[in-house]
Amino acid sequence: MMLNDLTSILLVKYCLGCGRILQKQEQVLCLGCRERLCETGFEQVPHNPLEQLLSHRCELNAATSLFFFEKNKLAQLLIHKLKYEGQEQVGRWLGLWLGRRLAQSRQFEGVEMVVPVPLHPKKLHKRGYNQVTKLGKAIAETMGVVFDDNLLVKKTASTTQTHKFVWKRYDENDHIFAIQNPQKLATKHILLVDDVITTGSTIERCYQALMDAEDVKVSVASIACAIIS
């Protein structure tokens, strides 16, 4: 009996939003906190505000974010937990949620592969994980498509292995994105995923690297975007 009681205590999970004990059917957030999240619904809206923002930088097939991003709100808290506090289960939970939305959208029909925005290897080593990986894997699982986090890479411009990749150079932070094995991307419809989209500059740089693959088509999805409803 004591062992069962101890096991029950250890298995208790708490809402990341308000701290109360989660019920069996709840994950990450209680139902009350979940209702506080403001979905964009952009996946059902052609030429939505996010697409319009990114259209000045990229020729995308479609673009969406699950939530609107506002400082000191719940979406920001979830992303912070995922990105800086090792709460990787948040990525999978949100990925399944976003994946269901994308699977129901005509705008994202034909996606064949999910590719996450990569971290620089030094940052990946320091953090221990890419916060977008669990998100991307869950999206791919829900949509029934391939996930690949080895095709798009981020390195410093001074790397000694630049000859191995197709490079796109940018001055900002002396970082460059590249694709390796571009033949795996050729003619594919790629879904590029990230945690937050603000100005769109990171998406643009990744997009330009992906464009070095033959006849590739790119759509974009993220947890949140800094466009106020």
Side-chain angles (χ1 to χ4, degrees), residues 16-17 28-29 33-34 36-43 45 48-58 60 62-102 105 107-108 111 114-120 123-124 126-140 142 147 149 152-154 170 172-173 175 177 190-210 218-229:
L16 294 183
V28 179
L29 296 179
C33 285
R34 177 168 174 157
R36 289 165 48 201
L37 289 166
C38 185
E39 289 191 61
T40 68
F42 284 168
E43 72 280 351
V45 182
N48 60 61
L50 180 60
E51 285 186 27
Q52 292 178 41
L53 171 70
L54 296 175
S55 68
H56 300 292
R57 299 174 175 271
C58 321
L60 298 173
T64 192
S65 291
L66 186 57
F67 307 125
F68 293 103
F69 183 90
E70 298 180 70
K71 288 186 177 181
N72 303 317
K73 298 295 185 179
L74 191 52
Q76 182 189 34
L77 173 66
L78 289 176
I79 292 168
H80 191 277
K81 295 285 186 183
L82 169 62
K83 196 169 183 176
Y84 300 112
E85 298 185 20
Q87 300 276 1
E88 291 188 79
Q89 78 277 10
V90 174
R92 176 169 174 78
W93 183 68
L94 292 175
L96 293 174
W97 187 342
L98 180 52
R100 288 192 294 270
R101 295 291 184 264
L102 297 176
S105 169
Q107 309 303 315
F108 291 85
V111 167
V114 175
V115 174
V117 170
L119 287 180
H120 186 277
K123 184 173 288 187
L124 181 62
K126 181 179 181 180
R127 186 175 297 166
Y129 62 96
N130 181 351
Q131 72 276 6
V132 189
T133 297
K134 288 288 180 69
L135 175 79
K137 285 183 176 179
I139 291 172
T142 307
F147 173 84
D149 59 353
L152 185 62
V153 295
K154 183 178 185 181
Y170 293 88
E172 185 178 343
N173 298 323
H175 284 152
F177 288 92
I190 306 301
L191 179 67
L192 178 67
V193 298
D194 203 0
D195 50 5
V196 182
I197 298 174
T198 53
T199 65
S201 61
T202 297
I203 295 298
E204 178 187 15
R205 284 178 280 159
C206 291
Y207 170 85
Q208 292 296 338
L210 291 169
V218 180
S219 292
V220 168
S222 69
I223 298 172
C225 64
I227 296 175
I228 306 302
S229 59

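Being a predicted model, the structure only gives us computed values, none of them experimental.
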Which atoms form the tightest heavy-atom contact between [X] and [Y], and what is the distance?
X	Y	result
F68	F42	CE2-CZ, 3.7 Å
L16	Q87	CD2-NE2, 4.3 Å
S65	I197	OG-CD1, 4.4 Å
G95	I139	O-CG1, 3.4 Å
R57	S201	NH1-CA, 3.6 Å
E43	S105	O-OG, 2.5 Å

Taking only residues two or more places apart in sequence or in another chain, which ones pass ring pair (Phe, Tyr, Trp, His ring centres under 6.0 Å) with W93?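 Partners of W93 under the ring pair (Phe, Tyr, Trp, His ring centres under 6.0 Å) test: W97.
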Which value, rounded to the nearest 0.5 Å, describes the distance between [X] atom [atom1] and [Y] atom [atom2]?
X	Y	atom1	atom2	value
F69	T40	CZ	OG1	14.5 Å
L50	T64	CG	OG1	7.0 Å
D195	L135	CG	CG	8.0 Å
L192	L60	CG	CG	8.5 Å
L53	I203	CG	CD1	10.0 Å
T142	L96	OG1	CG	4.5 Å

In chain order, what residues pass the side-chain contact (heavy atoms from CB on, under 4.5 Å) check against [X], with sequence neighbours excluded?
X	value
K134	E88
S219	N61, A62, F108, H189, L191
P118	L152, K154, F177, C206
S55	none

Who pairs with [X] by side chain to side chain donor-acceptor pair (under 3.5 Å), at least two apart in sequence or on another chain?
X	result
Q52	none
R127	Q131
T198	none
R36	none

Check salt bridge (Lys or Arg N to Asp or Glu O under 4.0 Å) between R100 and all other residues, then give those that pass, not counting sequence neighbours.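 By the salt bridge (Lys or Arg N to Asp or Glu O under 4.0 Å) rule, R100 matches no residue at all.
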Please enumerate all residues that pass salt bridge (Lys or Arg N to Asp or Glu O under 4.0 Å) together with K137, with sequence neighbours excluded. none
Verify side-chain contact (heavy atoms from CB on, under 4.5 Å) between F67 and L94, making sure each step is shown before the conclusion. CA-CA 10 Å; F67 307 125; L94 292 175; 3.7 Å; yes
When the side chains of residues 72-80 are checked against the rest of the protein, which donor-acceptor pairs come out under 3.5 Å, sequence neighbours left out?
| unit_1 | atom_1 | unit_2 | atom_2 | d |
| --- | --- | --- | --- | --- |
| Q76 | OE1 | N72 | N | 2.4 |
| H80 | ND1 | E85 | OE2 | 3.3 |

